[in-house]
**Student:** 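My questions will all concern the structure given below.
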Amino acid sequence: MSDLHPSKVSYYGRNKRTFLSNPRYKSASSVKTKPNFNLLIKQETTRFIEACGPLIKIKDPALYSSITGKKAKQAPLVSEKTNQEEVKEKTSYDELDAYQKMRDAERKAELEKARAKLKKNEVKFNFENQKTDWSVYGYWVNAHLPVTVGKLGSTQAWRIEKETPEYY
């Protein structure tokens with residue numbers, strides 16, 4: 001600052017002590033900013049773990065450990081094993097084979113019905129002969145003359161004789 005001319009130094013540089021002692025400018029340095037995205041994610045995960053953490057620990061320990069970074073105890077699967085064993089005892093392979101054969105027969109019947117409907121609604125193409133006689137519109141032309149012979153255009157309107165109305 002000593003190298004600069006006093007007129008080139010800013011107001012803040014000349015009056016640091018008075019500028020920093022002013023309470024108006026002190027409060028400006030401690031303004032709260034908006035929270036960043038990572039902070040919001042951390043807050044949301046902690047809220048979720050507080051609300052649903054114990055349930056996730058029991059049902060899906062791998063998910064709980066991936067969220068928190070802590071290992072969770074594996075839940076006993078005793079009740080599920082008994083349910084699966086009961087289901088196996090109730091159903092036999094003979095019943096399953098009979099059910100599959102019945103379903104195959106039903107599907108074949110449905111396919112036959114759908115194919116019968118398609119045959120009934122089959123699109124038929126009818127080709128009819130031409131009803132208009134295009135030879136009426138044709139005429140003989142001379143191949144040695146140009147196409148526009150006798151067609152003078154709109155500029156030759158004086159050659160066309162128009163009937164003039166008669167006034168009485």
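All residue numbers refer to positions in the sequence shown, counting from 1.
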**Student:** Under a 4.5 Å cut-off applied to non-hydrogen side-chain atoms, are I58 and Y64 in contact?
**Tutor:**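 No, too far: nothing below the 4.5 Å cut-off.
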
**Student:** How long is the gap from NZ on K113 to CD on E110, to the nearest 0.5 Å?
**Tutor:** 7.5 Å

**Student:** Between R47 and E44, is there a salt bridge with N-O shorter than 4.0 Å?
**Tutor:** yes

**Student:** Nearest 0.5 angstrom please: I67 CD1 to I56 CD1, how far?
**Tutor:** 5.0 Å

**Student:** How long is the straight-line distance from CG of N36 back to NZ of K42, given to the nearest 0.5 Å?
**Tutor:**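 Between K42 NZ and N36 CG, I get 8.0 Å after rounding to 0.5 Å.
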
**Student:** Output yes when D104 and R107 qualify as a salt bridge under the 4.0 Å nitrogen-oxygen rule, no when they do not.
**Tutor:**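 Looking at R107 together with D104, the answer is yes, because their closest N to O distance falls below 4.0 Å.
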
**Student:** When rounded to the nearest 0.5 angstrom, what is the spacing between NZ in K101 and CG in L96?
**Tutor:** 12.0 Å

**Student:** Please report the interatomic distance CD(Q43) to CG(L39), rounded to the nearest 0.5 Å.
**Tutor:** 4.5 Å

**Student:** Quick one: CG on D60 to OG on S66, what's the gap to the nearest 0.5 Å?
**Tutor:** 8.0 Å

